[in-house]
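Have a look at the structure below before the remarks.
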Amino acid sequence: MANETMLSMIAESEKFAPPASYVRKSYVQSWDEYLTKYRQSVKDPEGFWSDIADELQWQQRKATVVTGKMPDFAFFPGSTINVCENCVDRYANNPATKNKVAIFFDSENGDSKALTYGQLHREVQKFANVLLSLGLQKGDVVSVYMQNLAETYVVLLACLRLGIVYNTVFAGFSPEALRERIISSEAKAVICTNGSYRRGKILRLKETVDAALEGVNSVQHVVVYRRIPDLDTPMTPGRDYDYEELMKSASPVCAPAALDCNDPGLLIFTSGTSGKPKGIVHAGGGFLLGTYAYTKYQLDLGPEDVYWNTADIGWLTSHIFVLVGGLALGVTTILYEGALDFPHQGQLYAIVEKYGVTKLFSAPTAYRMMMKFGEDVAKQYDLSTLQLLASVGEPFNPQAWHWIRRVVGGGTAVINNTWGQTETGGTPLASIPGAVDMKPGSCGVPFFGHQLQVTDLQGNPVPDGTPGYLVIRNVFPSLARDVFGDRQRYLSSYFSQIPGAYFTGDSAVRDEDGHFWVLGRVDDVINVSGHRISTMEMESSLIQHPAVVEAAVVGQPDPIKGAVPIAFVTLDKSYSPSDALAEALREQIVRDIGTFARPDKVYFVEAMPKTRSGKIIRRMLREMIRDGEVRGDTTGLEDNDILEKLMQDLGSPSK
Ligand code: PRX
């Protein structure tokens, strides 16, 4: 959305108060209460995090709350805490919650099952023993290439129990993308499924793992969960093991390891601007403290809630709000395998109705998809249990916001558009739903203990209503601690742009009520259906093709997906533009990155708009496809005739 449109939307925004029936059950019940607690929390963050820590179970707790400042800091150094113990044992060992359902599993193919906290406890301990029997130890990294399944949670919680650092890789990634992540994280083992159901098809994940592992020596073991029992699955003797076989003989008792609150817990790759994905390292205990607090206050989760977060386990949202944040609050949650609109357009609603979901968390892409399917689909289901609908990952446009609230939320549900990043390990901006009036499109207010500002490049706050850079001034427990194996990249990506602050890479506006509106990224990362894709990574892939001399990729706004990638390429003289070549280039990206990155259009152009120093000016390409012309400053161009030539080329994209 262009900045001007956004600014007028902010100025005209209406406010909606949460209904009294919701407020009564909230942890924070008024704006004044929020403000008092917020001011106190930034004046005394140690006090705030100490109170949060009191709600968790520690193995050993020392007095120190925080040491250091960004980028070198620690929370509760020397104190030991186990994430798995907090998410599972606490509820499994309590007779009142032992038989409570932790996970309802459902699949697009109709399979379903339930796992209580007691059962989860047993399974997790068994798998922890499996990991130990394979010789894996605290600090080792394992890659997890699995879809949303109860077994995936068992695997991840078992890693957290032992301090084995897991790296979940989205099960839609290509062999090349998986290989790159396995190598970059120095993974010693891969845990995968043999296949997954997706839109009526079977994705053969084990074959992808085999292809990814060709020539990779660091991986000694592959554990395969046969999600699809009768699927013919290649197994390499001596390296590959069957999950069920290993579980059969595993003991159901395995003590949680004593882990420093700052020990690495998980690793997740995200797109950076320089092409190569960054392995973001989160501290286990820090992640628990942060996610527990966000989940509690931003979703008001209580013991009676049935809570469904539709995120895929390959995306950090699922770890923040369910695996760690959700289970640490002892909720009943739903894990769903497959497409949300398969086998029919009402599938998501059918699951809400089946379980009586009270709180639904999804992405704007999914909400816009529901809107596209129309009201008639929604009306066929009982959605009256829904009290709160949350969202993260992309701008939640007011039109979709209003539709979702009216049609899915019965006109009364609370909508919480949260803002967060893989790096923040949570959502520093969101509504505190019982206390803050909703403004459609806004990302709400800063979370307790977090100082967010909108600044200029020197780090000076800009006046309310003015766009600037979104920064965070102080440390918080779930802030990423490192980029795996590349401290320098961690420092330069986040702490070198704005003096004394963590730079988010986003631009934003704060309005006069103190609500924040995120405008979008200022770097070269685009967000396609919630997948953060580096345009550089796509360009590097295109350039590998012998026909391509130069490539530029930009995002074009899309009503459903948020953005779609559009590729511009110049060709080697021995090639000429054709639909077949465009398709080959698309396929190249699918192979290197994944289907979700497939360019919507490929334009063959004679030349790119460039600065005098030779940098492609992607902004101009973006303006051309969005507005049909270049509106911004063109003085930096090396060749002034280029724009006209480009407009001619743009008249005819490949199909
Ligand atoms: O640009 C912002 C956008 O998504 C980026 C973070 O992407 P990722 O790391 O994949 O998200 C993980 C979520 C825990 C941000 O830098 N973004 C996220 N939420 C919003 C958003 N943009 C606008 N509105 C949001 N609510």
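Not measured: the values here are computed from a predicted model. Every number for a ligand or one of its atoms is a count from 1 in the order of the listing. Because only heavy atoms are used, hydrogens play no part in the values below, and waters and symmetry mates are left out as well, while side chains stay in.
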Check: every ligand 1 N/O to protein N/O pair under 3.5 Å:
residue	atom	partner	partner atom	Å
ligand 1	1 (O)	D506	OD1	2.8
ligand 1	1 (O)	D506	OD2	3.2
ligand 1	4 (O)	G393	O	3.3
ligand 1	4 (O)	N527	ND2	3.3
ligand 1	9 (O)	T422	N	2.8
ligand 1	9 (O)	T422	OG1	2.6
ligand 1	9 (O)	R532	NH1	2.7
ligand 1	10 (O)	W315	NE1	3.1
ligand 1	16 (O)	Q421	NE2	2.9
ligand 1	16 (O)	D506	OD1	3.2
ligand 1	16 (O)	D506	OD2	2.8
ligand 1	16 (O)	R521	NH1	2.5
ligand 1	17 (N)	G393	O	3.3
ligand 1	19 (N)	G393	N	3.0
ligand 1	24 (N)	E394	O	3.2
ligand 1	26 (N)	N417	OD1	3.0
ligand 1	26 (N)	T418	O	2.8

side-chain hydrogen bond (donor to acceptor under 3.5 Å, both in side chains) between D511 and W517: does it pass, once the steps are laid out?
-> CA-CA 8 Å; D511 71 19; W517 302 70; 3.0 Å; yes

Backbone of F48 reached by a side-chain donor or acceptor of S41 within 3.5 Å | no

Is a side-chain donor or acceptor of R368 paired with a backbone partner of P559 at a separation under 3.5 angstrom?
-> yes

Among Q421, Q298, H450, which one satisfies side-chain hydrogen bond (donor to acceptor under 3.5 Å, both in side chains) with T427?
-> Q298

Are R405 and E14 close enough for a salt bridge, meaning some N to O gap below 4.0 Å?
-> no

Does a side-chain heavy-atom distance below 4.5 Å link V28 with Y38?
-> no

